[in-house]
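Throughout, numbering of the chain's residues begins at 1 and tracks the sequence.
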Amino acid sequence: MSLNVYISNDNKVFHMTNGTISYIMGVLPNGHLGQLYYGTGIQNPQDFQETVEILPRPMTSCPIENEWFSLEHVHQEYPVYGNSDFRQPALAIRHPDGSTVSDFKVCGFDLFDGKPHLEGLPAVYTESGDEAKTLTIHLADEKKQLELDLFYSMFKEGGILTRSASLTNRGEKPVAIETMMSLSVDLPDSDYQWLQFSGAWGRERELKIRSLEQGITSIGSRRGHSSHNHNPFVIIKRPYTNEDDGEAIGFSLVYSGNFLIQAETDTYNNLRIVAGIHPDGFEWKLNPGQTFQTPECVSVYTQKGLNSLSQTYHKLYQKRLTRGYWRDRPRPILNNNWEATAFDFNEDRLIEIAKTAQNCGCELFVLDDGWFGARRNDKAGLGDWKANRDLLPNGIEGLCRRMNEMGMEFGLWFEPEMVNKDSDFYRSHPDWILEVPDRPGCHGRNQYVLDFTRKEVIDAIYDQMTEILDKAPLAYIKWDMNRSITEAYSRALPADQQGEVFHRYILGVYSLYERLIQRYPKILFESCASGGGRFDPGMLYYAPQAWCSDDSDGAERIRIQYGTSYGYPISSIGAHVSEIPNQQVYRNVPLHTRANVACFGTFGYELDLGNLSAQELDQVKSQVQFMKEYRNLLQFGTFYRLKSPFENNISAWMVVSDDRTQAIVGWYRTLSHVNQPFEHLKLKGLDPKMRYTIETVGKHKYTNRHPYGDELMHFGLITSDGLSGQVMENDKYYGDFDSRLFIINAESVQ
């Protein structure tokens, strides 16, 4: 079945389908828009409105006189506050007279090929009209002179449906938007498990699963950014659904600020999912003639399990969220100096580190924090984006030139949204930070948040950055953000617009990114927020990769990267080999395991390679050579989760080429145990009729067998080792934090 939108003759039923999924809406008896069906693709139904069940119930409020119809007991598409529905609304407005009841009725629709651009906001996109169809349903509250547009874009391939909404004030007085969600969907039962990806700094995006019960389950952020604590991505799945089979729906918010994703199960077991800007701390003054646009939410439906759902997000976000020069290019192998030197460096020391990295095959050297102003610790310098000439006598342009002359690209760390009070920038503009006048404010890492609701502040930072970038041909920028927002008050906004600060702030961040991208289209931006504090789809629109976590320990990263993979492609995961003992957990993970984890990401080194032994440097050279040969497959292949680190001592994942002729399997064991069972790891995604050769990377050697794909997927890959018996003298390397990579090739491609 091709991509189609069927509209009934009376313009009261709207059916979007691409064969994989169907999404059906209908006009309810009171003129509001109802949700009729969301699930696997079905044929265009006749008289589907008859499926709306209306029966009298006690304690029901009914908006239509002499009828038992109530919004409390029907599935709605974009519920509003205060008119017989007592569940969480998608939209709540305070009108000029102080009332909070709205009445939006369907008044028209538009249908067109492709997908619209959202001004000032990140969103997935199309490159041709046949990739998607967009249905816009127009609703109006005529008495209040408000127009509500609901946008639905269904893609031709996969179970992808994007949602957003806009509200326009056609009246003569301003109204206050108190809640406006990007998505609301009512489902007919609540027999789902809720999967969220939560944690804290250094342990981001850990998988948490619970069954939905009557009441409210929600995640969100009020920190001014999407946060380390909860990611703006949720999956609901049937209890029987696993990685390979079963129904699941994902909800991914393309936004980087305060958010809420909530599931509400009523006492009749109906389920309502809402996702959008968090209503706490939010209020938007909508003046006459103005329009407010919500961020976009991307939902994905599947009946083929969680791997299928994740793969749909991966391909969509790789090809239709990420943009520009780096979208389809494998990422350069870098060496970052931070864990090697912190603030203790000068130009010659950096060149020394870079030379060793270049000799090992690295392609990019990144200078992290500490190169600017009076920045000799984290108490000074932020905001003064000029090279410290005591450290870098030739400036950034001179250091960049020296790097380029030795054959290395050069990258630089910025934290443009922040300022130290000990800086010339702050001393010149003490009123340019977010703070409440005459009240003490919070610092975080000795720094304060610049007021990015103000264009003059953004312009001043932009001018400093372009002064450097126009002179030094940087290949890469690491964009950091090391504290959450407190005292969200702007001196530039009147009292009745202070509820806009959080949203206007993130719009300001997006605008600075966009200006820099347009001016320097070949710079590779990597977003970072004290590690993974703003790892979200909104940032991927501007920066195709994100520093996954400040925790660079090889063992901890297995869990972090595994959780991240549910919603984000491998090409977006910034992952490095760091020094040992690890600076976050003081653990000694073997060099080969640190690399075997990091290679399922953008890959690089976060240490001084000059401190390694000759034997270790040989390992590094081999790792770099391996990554260069296989990085396109690793970063852009089809990714499968095989064995979860949240449930097992052994975990595994793999990537497979589009033609299924090549795959790489990553196998990881946390702790070693003696006399273990024999192990077979069942693979996925291979061609059952192809015969494959298997090669291991490093010390571990595989058998000479040439199994078919069906054997590898059903019998499995043999991963038994010396721990399956008595460990002998030559098996001492079977220790804690062991790992292996298996390279699998179809025989015909040898």
Side-chain angles (χ1 to χ4, degrees), residues 157-159 242-245 248 300 302 304-319 322 327-331 558 561-562 564-573 575 595-603 626-645 650-668 680-697 702 705-719 739-750:
E157 303 293 336
N242 56 35
E243 289 285 7
D244 306 309
D245 187 59
V300 169
T302 185
K304 297 180 180 179
L306 298 177
N307 268 320
S308 171
L309 183 142
S310 296
Q311 290 160 8
T312 301
Y313 276 114
H314 292 180
K315 296 301 183 186
L316 178 68
Y317 286 175
Q318 280 177 338
K319 302 299 184 183
T322 300
R327 184 187 74 176
D328 303 321
R329 286 177 165 82
R331 308 298 154 70
I558 297 170
Q561 292 175 213
Y562 197 95
T564 302
S565 76
Y566 278 89
Y568 301 96
I570 303 306
S571 59
S572 71
I573 298 175
N596 290 350
V597 175
C599 72
F600 285 86
T602 59
F603 198 74
F626 166 82
M627 193 65 195
K628 288 180 177 179
E629 183 174 356
Y630 293 105
R631 59 183 160 186
N632 195 71
L633 171 61
L634 287 161
Q635 293 170 3
F636 296 102
T638 302
F639 182 83
Y640 292 87
R641 291 178 296 274
L642 303 179
K643 207 169 181 65
S644 172
I650 291 174
S651 53
W653 52 44
M654 67 183 293
V655 291
V656 183
S657 64
D658 290 342
D659 61 6
R660 298 190 289 179
T661 61
Q662 195 169 56
I664 297 176
V665 178
W667 176 96
Y668 311 92
H680 299 175
L681 179 65
K682 293 182 179 180
L683 307 187
K684 299 175 184 178
L686 301 176
D687 188 325
K689 296 182 179 180
M690 282 187 185
R691 199 165 192 172
Y692 293 92
T693 62
I694 301 169
E695 176 188 355
T696 55
V697 177
Y702 199 69
R705 296 174 62 253
H706 294 189
Y708 284 95
D710 56 359
E711 177 187 329
L712 290 170
M713 291 189 290
H714 298 294
F715 175 81
L717 180 73
I718 296 173
T719 56
S739 67
R740 297 170 226 169
L741 296 181
F742 298 88
I743 303 173
I744 299 173
N745 282 301
E747 284 193 325
S748 59
V749 300
Q750 293 301 299

Give the C-alpha distance, both sets of side-chain angles, the deciding distance and a yes or no for salt bridge (Lys or Arg N to Asp or Glu O under 4.0 Å) between D710 and K689. CA-CA 7 Å; D710 56 359; K689 296 182 179 180; over 6 Å; no
Run Q561 and V597 through side-chain contact (heavy atoms from CB on, under 4.5 Å) and show every step you take. CA-CA 9 Å; Q561 292 175 213; V597 175; 3.7 Å; yes
Output, in order, the C-alpha distance, side-chain angles, deciding distance and verdict of side-chain contact (heavy atoms from CB on, under 4.5 Å) for V656 and L683. CA-CA 10 Å; V656 183; L683 307 187; over 6 Å; no
Start with the C-alpha distance between W653 and Y640, add both sets of side-chain angles, then the distance that settles ring pair (Phe, Tyr, Trp, His ring centres under 6.0 Å), and finish with yes or no. CA-CA 6 Å; W653 52 44; Y640 292 87; over 10 Å; no
side-chain contact (heavy atoms from CB on, under 4.5 Å) for Y317 and S572? Distances and angles first, verdict last. CA-CA 9 Å; Y317 286 175; S572 71; over 6 Å; no
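Residues F639 and S310 are not in side-chain contact: their nearest non-hydrogen atoms beyond the backbone lie 4.5 Å or more apart. Side-chain contact between E157 and T312: absent, with no pair of heavy atoms (C-beta onward) separated by less than 4.5 Å. In this structure, the side chains of I744 and T693 stay at 4.5 Å or more apart for every pair of heavy atoms. Inter-residue side-chain proximity for P707 and R691 is flagged as unmet; no heavy-atom pair is nearer than 4.5 Å. Side-chain atoms of L681 and V665, non-hydrogen and from C-beta on, do get closer than 4.5 Å to each other. At least one side-chain heavy atom of E747 sits under 4.5 Å from a side-chain heavy atom of H706. Contact of the I743 side chain with the V697 side chain is registered, since non-hydrogen atoms from C-beta on lie closer than 4.5 Å. Looking only at side-chain heavy atoms (C-beta outward), T322 and S571 stay at 4.5 Å or farther from each other.
Ring-centre distance between F715 and H680: below the 6.0 Å cut-off.
Between N745 and Q662 the shortest heavy-atom distance is OD1-NE2, 2.8 Å. The shortest heavy-atom contact between A746 and M690 is CB-SD, 3.8 Å. Residues A598 and A575 share a closest heavy-atom pair of O-CB, 3.6 Å. Scanning all heavy atoms of the two residues, the minimum distance from M627 to L634 falls at SD-CD1, 3.6 Å. Taking both residues in full, the closest heavy atoms of Q635 and G601 are given as NE2-O, 3.3 Å, listed atom of the first, atom of the second, then distance. Residues F742 and T719 share a closest heavy-atom pair of CZ-CG2, 4.1 Å.
Here the side chain of E243 pairs a donor or acceptor atom with the backbone of N307 at under 3.5 angstrom. Formation of a donor-acceptor pair under 3.5 Å by the Q318 side chain with backbone atoms of P569 is not found in this model.
Put simply, the residue from L741, L686, L717, I664 that forms a side chain to side chain contact (heavy atoms under 4.5 Å, CB included) with M654 is L686.
Taking CD1 from I558 and OG from S739, the interatomic distance works out to 7.5 Å, rounded to the nearest 0.5 Å. The structure places CG of D244 at 3.5 Å from NZ of K684, a figure rounded to the nearest 0.5 Å.
Checked against side-chain hydrogen bond (donor to acceptor under 3.5 Å, both in side chains), S308 has the following partners two or more places apart in sequence or in another chain: T302.
Both tests do not hold together for R660 against Y692: distance to the six-membered ring centre under 6.0 Å, angle to the ring axis within 45°. Cation-pi contact between R740 and W667: present, with separation from the ring centre below 6.0 Å and deviation from the ring axis of at most 45°. A cation-pi arrangement, defined by a distance under 6.0 Å to the six-membered ring centre and an angle within 45 degrees of its axis, is present between K319 and F636.
Below 30°, between 30° and 60°, or above 60°: for Y566 and Y562 the angle between ring planes is above 60°, a perpendicular geometry.
More than 12 heavy atoms of other shown residues, nucleotides or ligands fall within 6.0 angstrom of atom NZ in K628.
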